[in-house]
> 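I am attaching a structure below and will ask some questions about it afterwards.
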Amino acid sequence: MSLNVESPVVSTAPAPQPLRLIDDTGHAVTDNAGDFVLPDPGTLLGLYRQMVVARRFDVQVTALTRQGRLATYPSALGQEACEIAAVASLDPGDWLFPTYRDSIALLTRGVKPEHILASFRGEWHSGYDQYEHRIAPQATPLATQALHAVGLATASKLKQDSTVALTLLGDGATSEGDAHEALNFAAVWQAPVVFVVQNNQFAISVPLDKQMRCRTIADKAIGYGMPGFYVDGNDVAAMYAVTSAAVDRARTGGGPTLVEGLTYRMEAHTNSDDPSRYRAAGDVDVWRRRDPIERLDTYLVSIGALSDQERAGIRDEAEDLAAATRECMMLPVRVDPLELFDHVYADPRAALAEQRAFLAAELAEHAALAGQPPATPSAPTTPSSSTTPAGAHA
Amino acid sequence: MSLNVESPVVSTAPAPQPLRLIDDTGHAVTDNAGDFVLPDPGTLLGLYRQMVVARRFDVQVTALTRQGRLATYPSALGQEACEIAAVASLDPGDWLFPTYRDSIALLTRGVKPEHILASFRGEWHSGYDQYEHRIAPQATPLATQALHAVGLATASKLKQDSTVALTLLGDGATSEGDAHEALNFAAVWQAPVVFVVQNNQFAISVPLDKQMRCRTIADKAIGYGMPGFYVDGNDVAAMYAVTSAAVDRARTGGGPTLVEGLTYRMEAHTNSDDPSRYRAAGDVDVWRRRDPIERLDTYLVSIGALSDQERAGIRDEAEDLAAATRECMMLPVRVDPLELFDHVYADPRAALAEQRAFLAAELAEHAALAGQPPATPSAPTTPSSSTTPAGAHA
Amino acid sequence: MTLQSTISPVVARPPAALTMAAALNAAIHDSMRDDPTVVLFGEDVGPLGGVFRVTDGLYAEFGETRVSDSPLAESGIVGTAIGMAIYGLRPVVEMQFDAFSYPAFEQIVSHLAKMRNRTRGRISLPIVIRIPYAGDIGGVEHHSDSSEAYWSATPGLTVVSPSNPADAYSMLREAIASDDPVIFMEPKSRYWMKEVLSLPVQTTPMNTAVVLREGTDVTLIAYGPTVKTALATAELATAEGLSIEVIDLRSLSPFDDATVGASLRKTSRAAVVHEAAQFGGYGAEVAARLTERNFFHLAAPILRITGFDIPYPSPKLEEYFLPTPDRILAALGTWEWS
Amino acid sequence: MTLQSTISPVVARPPAALTMAAALNAAIHDSMRDDPTVVLFGEDVGPLGGVFRVTDGLYAEFGETRVSDSPLAESGIVGTAIGMAIYGLRPVVEMQFDAFSYPAFEQIVSHLAKMRNRTRGRISLPIVIRIPYAGDIGGVEHHSDSSEAYWSATPGLTVVSPSNPADAYSMLREAIASDDPVIFMEPKSRYWMKEVLSLPVQTTPMNTAVVLREGTDVTLIAYGPTVKTALATAELATAEGLSIEVIDLRSLSPFDDATVGASLRKTSRAAVVHEAAQFGGYGAEVAARLTERNFFHLAAPILRITGFDIPYPSPKLEEYFLPTPDRILAALGTWEWS
Ligand SMILES: Cc1ncc(C[n+]2csc(CCOP(=O)(O)OP(=O)(O)O)c2C)c(N)n1
Ligand SMILES: Cc1ncc(C[n+]2csc(CCOP(=O)(O)OP(=O)(O)O)c2C)c(N)n1
Ligand SMILES: [Mg+2]
Ligand SMILES: [Mg+2]
């Protein structure tokens with residue numbers, strides 16, 4: 001008797017086709033769209049604009065990193081459809097839980113370039129106001145942020161708020177225990193949370209088939225009792241349709257959803273990576289032909305929703321942003337060494353005050369030795385008070 | 001548009017019926033047996049004997065624990081079909097990775113009562129020879145042992161051996177990150193390992209519906225790309241048929257399998273638990289009528305494979321074992337305090353030798369004060385040498 | 001049910017003999033009553049009331065919205081608590097036993113401890129992680145660990161441990177009210193210790209050490225489960241004409257240099273007692289910092305009387321492992337007394 | 001491919017300038033060549049050769065059976081390594097950065113460290129966990145942690161850290177050959193340090209400390225990344241007429257009391273230098289035990305010159321955090337010198 005016959009899943013079964021609304025060549029398709037429908041042209045044009053701007057930003061920052069202006073930068077080149085669709089499906093009061101890779105999602109949500117890049121430039125770990133933007137710090141320890149998203153969503157539910165949380169994850173991160181715990185907690189608590197896995201097919205150098213053996217990441221949803229969608233992650237129309245529906249579902253009490261966007265990491269993992277060691281240039285070319293921006297451009301042109309003039313306007317906007325980004329990355333980094341001690345505890349500690357005084361004295365002495373005026377006396381920043389953080393109850 | 005329509009799984013769908021071969025009333029059934037067939041009567045009689053003996057042991061140990069002879073004992077009363085089927089499907093060279101709950105699995109694999117109970121009696125953490133029996137220490141940190149099983153199975157595969165590993169897990173343990181990582185590693189590495197989840201519907205006080213939301217634990221297999229089976233865990237015939245097939249499949253290069261046995265924890269979690277706080281006595285009664293031993297007894301009698309005399313013989317055997325267990329649990333515990341230092345490192349440490357000498361002196365002094373002869377001078381046990389452990393290459 | 005405020009007037013309860021477990025229970029209860037943002041979850045903390053019954057009755061009183069059994073996953077518990085705290089709740093979570101906090105290690109060290117720092121003070125995580133710790137209750141393996149060295153070596157965490165019911169109540173209330181994440185270490189062997197208390201009781205602030213018994217010859221520093229041992233030692237020592245001052249640290253991080261240093265400068269000799277292994281244990285920090293700051297007041301090296309440098313042993317062997325008054329007195333006897 | 005022995009004759013390679021990364025690579029290579037039970041796996045250790053290229057070329061040479069990229073899960077990596085070791089393999093695994101070892105904490109503390117003890121010596125776990133640690137490479141958050149205090153406080157683990165290419169080779173070979181689990185801490189900032197070596201090289205045993213530079217006034221104790229700092233300090237100090245003896249601990253657990261104690265008794269003053277935060281850091285154990293054992297030889301308290309008690313900072317701030325020769329000399333200057 002063969003177990004394969006009996007088994008509910010044959011691991012070698014081919015994966016289904018990913019859900020899509022616009023194909024690689026820029027044509028609207030319905031062959032694998034479920035009952036999702038194309039967003040209206042205005043929405044698509046908005047997504048197009050955001051993708052173009054985001055890509056320009058991403059390319060600019062990669063270039064600046066190569067020039068040594070940033071310590072590191074994980075590019076999302078090629079993944080714009082996933083990033084922008086995820087953000088676009090959120091209301092302003094919703095929360096985003098991104099990773100290191102998702103800088104363009106932050107940009108799209110309105111975070112200023114210099115605040116996004118503060119961390120990659122080495123100024124501070126997270127450089128934006130998390131409550132103002134309702135964006136958690138970009139997470140590096142993989143999959144950990146998914147649990148935070150579930151917790152926040154659960155708190156929103158307990159308070160009977162309508163806030164939804166959306167978290168971005170990589171394909172590799174789904175192997176971590178925390179990804180499993182997050183999906184399971186979300187399902188059991190029916191938390192208003194959406195998991196968007198950007199399956200860019202690599203975890204640094206490790207390809208997907210060394211990461212998992214199921215057909216799609218979306219299949220994993222079955223094991224948690226939640227809906228899972230396998231989507232063409234380079235089709236922003238499909239990604240947007242699915243993530244928006246998932247966000248709505250979460251908001252209206254329907255619980256969590258897992259969305260997989262099948263995409264590709266066009267750049268190296270970060271500037272310090274060398275992809276030639278683990279993948280052929282030809283593979284990248286295949287995916288270049290599936291470019292998310294190109295195909296939407298073709299489609300929008302074909303329905304008359306994008307003129308050359310509009311495109312030029314968008315490109316100008318993107319160039320302006322790139323120029324502004326360049327400019328602020330050329331400014332010298334300013335850090336205050338004494339700030340090191342300011343945000344460790346809410347409740348001030350004598351030992352830290354001592355250490356702060358020690359460093360202040362050392363700095364003063366160095367300045368004196370160097371014949372410089374002593375550093376501006378910097379009063380200890382008042383530790384954040386115990387009032388509830390603004391926006392916590394949004 | 002409703003996500004539920006699109007979703008590959010509707011979380012509220014009823015669970016399928018568990019796979020079974022003998023029903024609650026002791027009748028052979030084929031309505032939900034897949035293409036599994038009843039094991040032959042001789043095999044079933046053997047399983048019957050082992051279940052009866054194991055239960056008698058379990059009841060005896062629970063009684064001894066109530067009398068204070070053991071520090072704790074997690075009973076497997078009601079779960080004999082899962083425990084015995086799992087062990088019976090293994091070859092002597094295979095490895096078992098059990099939990100604290102699986103003492104009767106150890107018993108069935110030939111471990112002596114006093115060696116099983118050494119840990120629960122407080123003598124030493126694990127009281128049997130792991131290499132002799134090919135049984136890892138009973139694991140308490142939940143789901144951790146599943147990874148060990150996957151690693152051992154992978155090593156067997158790398159060495160082109162035929163050794164299979166089988167690990168037992170509880171339903172609650174499946175929520176831990178380690179359970180996820182173990183299933184995923186096993187699938188990716190196609191390790192010859194079998195996961196047997198004893199779904200006894202409780203994790204201490206927490207019922208299954210607060211643990212997960214998918215229909216069955218077996219469904220989780222889909223997310224790993226491995227076969228999963230949902231089995232009546234009180235039907236030893238079905239459990240044995242499925243786990244044996246899974247072990248064969250693993251041995252012949254077919255990779256891992258997840259088997260869920262639906263059963264019930266008839267006793268408290270351990271002697272220090274009070275189940276009246278979280279479940280109704282009536283619930284237990286429902287499951288008493290699904291008793292795994294009763295139903296097999298009925299079936300074996302119905303096919304003429306079990307006579308009153310045979311049954312009596314088996315019961316005598318069980319009583320003998322219970323008596324022997326009682327006896328050795330009445331013997332005083334003997335520990336050697338200086339052994340504390342013997343098994344911490346293979347490479348002896350000066351600091352531990354000092355601490356050992358300190359304790360030896362303290363013991364001698366106490367003995368002198370108490371007017372007793374000094375404790376037998378006990379030479380430091382030679383640390384295990386660096387030779388490969390016996391059985392490691394089985 | 002929503003998280004509406006249901007503040008009831010604080011009425012002092014009549015004096016009653018309370019166990020530490022009951023005092024902890026009352027502290028959670030009163031915090032939940034007074035602050036609707038306090039929520040409680042973890043393994044078996046709901047209808048069962050926790051394996052040590054510390055959360056007994058809270059599920060019945062506050063309901064599913066505020067008290068819930070979570071799925072069985074410690075990283076999940078701490079990780080979701082972090083998300084809840086970002087949204088303005090004050091979660092109190094339980095790790096069932098010390099060793100079962102280890103799966104949550106990454107969430108605790110990389111996020112809980114660092115979130116305020118990472119976000120330049122923007123995000124506070126007012127979370128309490130209750131951890132029943134240490135041994136001496138005949139627990140089988142993995143049930144008697146002392147993990148305080150891991151937490152106290154982690155900047156960003158506050159680590160405290162009460163040794164008696166009054167402190168248990170007062171310190172847990174303070175921990176829940178704190179805007180910093182607090183690792184609240186409950187000495188299992190003291191859960192059943194009784195004290196007559198009239199709640200609510202407020203003892204000295206959570207971050208201060210307390211001199212429990214005055215003495216002139218030696219400062220004996222203990223916390224959690226070993227406070228009882230230290231007091232017994234002091235009692236025994238009087239027969240030998242040795243006057244021991246006993247300090248209950250209460251707070252492991254921060255360390256109360258002022259109180260402990262003052263005692264040490266008075267006695268000029270000190271020893272620290274804990275259950276955990278010695279090598280790299282919390283006592284190393286106590287000895288190192290006290291020596292740094294008070295070297296010229298010391299008549300003898302600071303001693304550490306601790307568990308051996310081995311894994312916590314099985315029940316029948318723990319008596320040989322744990323520091324006893326005899327062992328402490330013997331250690332003090334190794335000093336040269338002039 | 002099976003795990004057949006393919007032992008090739010050991011030929012000394014001609015002297016060459018080797019980085020520490022290359023020396024580590026050679027050590028793994030030679031161990032794998034000589035012992036067919038050695039296997040290597042982890043995140044990106046295969047075709048990529050690891051993010052620091054420490055495993056470069058090993059996949060090509062030994063193939064998929066012995067070198068493999070694992071799924072991305074650290075608990076899974078350590079947990080499966082344990083299973084493999086039970087079956088007789090000697091796994092060498094990598095945690096990509098220090099902070100990413102934390103998900104494996106439970107497997108390391110509850111199993112790896114305790115398995116021999118739990119099984120009364122029956123099961124050995126000859127596993128090496130390689131952890132690139134510490135900072136000073138401009139890494140963003142979570143990439144510069146120093147976790148040695150956690151591991152060295154855990155009985156059952158051996159914890160070592162080389163500071164130079166020769167030790168890196170010799171100690172890693174010894175670690176792989178050891179029947180005890182070894183946490184092998186590789187100072188990231190030293191990966192590119194070069195030394196002319198002719199491999200195979202065998203330095204003093206892994207569990208011993210080494211006096212790298214003799215001196216008479218002060219014993220400066222360092223390990224891993226701070227050895228360089230200590231040597232630079234000693235160099236600078238000569239100008240001030242101060243003679244510093246520098247000790248490279250090499251082994252954090254066990255601690256070489258004999259070598260360090262002898263130096264301290266000679267100089268009567270000591271300081272320990274590490275990157276990790278001070279409170280509860282490894283230096284506390286160094287200071288506490290040396291003081292306990294050598295109190296009456298000490299002219300001054302043992303000092304700790306370490307990172308501040310804060311999370312490791314961002315790249316542009318790390319220069320203010322890390323102990324420098326200046327800071328060390330300033331600290332030594334706070335002693336009263338008679
Ligand atoms: C817990 C943890 N382990 C390891 C790493 C190191 N690391 C950083 S990114 C990465 C690969 C992640 O791959 P994936 O999740 O697919 O995301 P992608 O980078 O492709 O967006 C690894 C291994 C980490 N950040 N956290
Ligand atoms: C990592 C970890 N967390 C918590 C515990 C405490 N604990 C022991 S048994 C148990 C319930 C386990 O339930 P399940 O996995 O269903 O197994 P069962 O006891 O029902 O056989 C818990 C929470 C533990 N042993 N390990
Ligand atoms: Mg990826
Ligand atoms: Mg269970």
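Letters go in sequence order (proteins before strands), and every chain restarts at 1. Computed from a predicted model, the values in this text were never measured in an experiment.
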> Of the listed residues (B:T72, B:V333, B:D273), which shares the most heavy-atom pairs with chain C below a 4.5 Å separation?
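Option with the top pair count is B:V333.
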> What distance separates C:L89 CG from C:I127 CD1, expressed to the nearest 0.5 Å?
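Answer for the CG-CD1 pair, C:L89 versus C:I127, is 10.0 Å.
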> Is B:V206 in contact with chain C via its backbone, its side chain, both, or neither, using a 4.5 Å heavy-atom distance?
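Contact with chain C is through both the backbone and side chain of B:V206.
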> Measure distances from C:Y320 to the heavy atoms of chain B and classify the residue's part below 4.5 Å as side chain, backbone, both or neither.
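Interface part for C:Y320: both.
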> Hey, does B:Y100 have a side-chain heavy atom less than 4.5 Å from the side chain of B:Y73?
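The answer is no, as the side chains (C-beta and beyond) never meet within the 4.5 Å cut-off.
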> What part of B:A173 gets within 4.5 angstrom of chain C, counting heavy atoms only: side chain, backbone, both, or neither?
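For B:A173, the backbone is the part near chain C, not the side chain.
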> Taking every non-hydrogen pair under 4.5 Å, which of B:T140, B:I204, B:V344 racks up the most with chain C?
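If we count pairs closer than 4.5 Å to chain C, B:I204 comes out on top.
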> Counting only non-hydrogen atoms closer than 4.5 Å, does B:H269 touch chain C with its backbone (N, CA, C, O), its side chain (CB onward), both, or neither?
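Interface part for B:H269: neither.
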> With a 4.5 angstrom heavy-atom cut-off, is it the side chain or the backbone of B:E362 that approaches chain C, or both, or neither?
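For B:E362, the contact with chain C is made by the side chain alone.
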> Evaluate the ring planes of C:F97 and C:H143, with Trp represented by its six-membered ring, and classify them as parallel (under 30°), tilted (30 to 60°) or perpendicular (over 60°).
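Taking C:H143 first and then C:F97, their aromatic rings stand perpendicular (interplane angle over 60°).
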> What part of C:E74 gets within 4.5 angstrom of chain B, counting heavy atoms only: side chain, backbone, both, or neither?
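Both backbone and side chain.
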> Indicate the ring-plane relationship of C:F308 and C:F321, choosing parallel, tilted or perpendicular according to the 30° and 60° boundaries.
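Perpendicular, since the angle between the ring planes exceeds 60°.
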> Please state whether the side chain, the backbone, both or neither of C:S70 comes within less than 4.5 Å of a heavy atom of chain B.
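The answer is the backbone of C:S70.
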> Given heavy-atom pairs under 4.5 angstrom as the criterion, report whether the side chain, backbone, both or neither of C:Y59 touches chain B.
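Side chain only.
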> Identify which part of B:Q138 has an atom lying under 4.5 Å from any heavy atom of chain C, answering side chain, backbone, both or neither.
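The backbone, not the side chain.
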> Side chains of B:L262 and B:Q201: does their closest heavy-atom pair fall under 4.5 Å?
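With C-beta onward as the side chain, the pair touches.
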> Answer yes or no: is there a side-chain heavy-atom contact under 4.5 Å between C:E94 and C:D44?
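No, their side chains stay 4.5 Å or more apart.
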> Tell me, do C:V54 and C:Y191 make a side-chain contact under 4.5 Å, heavy atoms counted?
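Result yes, sub-4.5 Å side-chain heavy-atom pair found.
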